[in-house]
Protein chains: 2
Amino acid sequence: MKHSSPVPHELRFAVLAADAVMFTVFDGRLHVRLIPVHLPPYFSHLAGIPGGLLAPTETADQAAVRHATTKGGVLHEHLYLEQLYTFSAINRDPRNRVVAVAYLGLVPWEVLTKTAERDTAAATWVRIDKLPKLAYDHREIIRVGLERLRSRVTYTTIIKQLMPKEFTLTDLEVMYETVLGQDIDKRNFRKKVLKTGVLQVLPRERTGEQHRPAKLYRFLNRDIEPIAII
Amino acid sequence: MKHSSPVPHELRFAVLAADAVMFTVFDGRLHVRLIPVHLPPYFSHLAGIPGGLLAPTETADQAAVRHATTKGGVLHEHLYLEQLYTFSAINRDPRNRVVAVAYLGLVPWEVLTKTAERDTAAATWVRIDKLPKLAYDHREIIRVGLERLRSRVTYTTIIKQLMPKEFTLTDLEVMYETVLGQDIDKRNFRKKVLKTGVLQVLPRERTGEQHRPAKLYRFLNRDIEPIAII
DNA sequence: ATACTTAGTGTAGTATATACACCATGAAGC
DNA sequence: GCTTCATGGTGTATATACTACACTAAGTAT
């Protein structure tokens, strides 16, 4: 049993939420995961990023995983999440004081095989240059998430969280180009990325593509290392 | 008047706090601001970083400024604060569920002229290699703050938040060396930092120091720019 | 005038970044 | 089986940046 609380009721004014800005890349475009917002005062007119309240026995990390998977439809084992920023503006939710711990989520498109992970009534992948009107401050949260993603991509190996297990060097180059929105020189990119030593060549090639087969690579481990690549 | 809340009482389990890990540098050492923790279950046995609960009409940023100034004793106009990380472990406070939005604070030692800003009974500057036993998860918060400071110092100009208005190139070099804990080559440092263009030479020198006078510089603006220096 | 202390500077060697074009190889069509 | 097509894969020359390193300059104190 708990002791009587030393914190007066009027300081328990806020509700805590965990929201996830999840990105994936396909068709050479960055996409973000959006769900319809059913709650008042929006009643499905608007979209938002997946998220929800913390339970009393949950950390923000745990709540982020729970809401990203249940509401966002992306399987836990496919998803990388890291804390992004905490949004605490007084009226960010018009109904209540809600403080949101936002998370940056990344998931490789290729692993999203289950129907619920692609586009359904409950959740869709939307091009970041085609965002609809969004509820709350979710446009701002997405902006901060994208900014963080682009920044981290240039000095860490976080991009591995967007790549499938096996990929060609062109796949990886295109991923960098898509996330950063800029072209990269093919020869210089290959020299640089191979010199970092984060990739392992596989004894296999990707064939069947009406051109010369490409060697397949994988990242040596799942951790994000602080290495400048671009 | 507020509408009746759509959020059940049992989801208002948490209290929100804003804590500030404030750093300054003097005597060639990094110091962090600590205050005695009077509350149960610690009763002044332990120290902690300044912080406190959010008021219902406050953002986390505002609460961080308020507690850093009132409890930490550092004047608002001397203090730089940026959001660091949100700590939400279930039992981080043994009395209550408290979710803390932690802030990284920086302040130049030279501006701390008021008594309350130096060492008092209410707050002291403690060498980061001589930390006492700390309440809650404050050692972890300080660790994360220091890690963030060192990381930001290498690819932004955040170090300007630790420098007085006017300084010599040696002052700046020593600041980098102190924060990063490593020596820097004097000639290479000067070439690099002057080439970035973030500094302005002043038409003045620092004299009276029983050696050749040093030119004084200042940062061109207060914003933090993403520039690699070390 | 001398001693002391930090300020201020340059260069050579190495490593890294950039710009840029052609041959290799499998698939598909004839 | 020859040709076409499309992407895979490679090297070099130039410019820029990084590193290591030692001496003179100038004010203060005696």
Nearest-angstrom distance from the residue atom [atom1] of [X] to [atom2] of [N]:
| X | N | atom1 | atom2 | result |
| --- | --- | --- | --- | --- |
| Arg206(B) | dG8(C) | CZ | P | 10 Å |
| Leu216(A) | dG8(D) | CG | C1' | 12 Å |
| Glu205(A) | dA27(C) | CD | P | 11 Å |
| Glu173(A) | dT10(D) | CD | P | 14 Å |
| Leu172(B) | dG8(C) | CG | P | 13 Å |
| Ile229(B) | dC18(D) | CD1 | P | 12 Å |
| Leu194(B) | dG10(C) | CG | P | 12 Å |
| Asn188(A) | dT12(D) | CG | C1' | 11 Å |

Using a strict 4.0 Å threshold on nitrogen-to-oxygen distance, state whether [X] and [Y] make a salt bridge.
| X | Y | result |
| --- | --- | --- |
| Asp171(A) | Arg206(A) | yes |
| Lys215(B) | Glu166(B) | no |
| Arg127(B) | Asp129(B) | yes |
| Arg66(A) | Glu58(A) | yes |

Consider the side chain of [X], meaning its heavy atoms from C-beta on, and name the nucleotide among [options] that approaches it most closely.
| X | options | answer |
| --- | --- | --- |
| Lys191(B) | dG27(D), dG11(D), dT19(D) | dT19(D) |
| Gln210(B) | dT28(D), dT10(D), dT11(C) | dT28(D) |
| Thr170(A) | dT9(C), dT11(C), dG8(D) | dG8(D) |
| Arg187(A) | dG26(C), dA26(D), dA21(C) | dA21(C) |
| Lys186(A) | dG8(C), dG8(D), dG10(C) | dG8(D) |
| Arg212(B) | dG9(D), dA7(C), dG10(C) | dA7(C) |
| Arg190(A) | dT10(D), dC20(C), dG27(D) | dT10(D) |
| Ala214(A) | dC21(D), dG8(D), dA7(C) | dG8(D) |
| His211(B) | dG8(D), dT5(C), dT28(D) | dT5(C) |

Ranking Lys192(B) and Asp185(B) by the position along DNA chain D of their nearest nucleotide, the one closer to 5' is Lys192(B)
Donor-acceptor pairs are to be reported for all side-chain atoms of residues 102-114 of chain B against protein atoms at under 3.5 Å, with residues two or more places apart or in another chain.
{"residue": "Tyr103(B)", "atom": "OH", "partner": "Asp61(B)", "partner atom": "N", "Å": "3.1"}
{"residue": "Tyr103(B)", "atom": "OH", "partner": "Asp61(B)", "partner atom": "OD1", "Å": "2.4"}

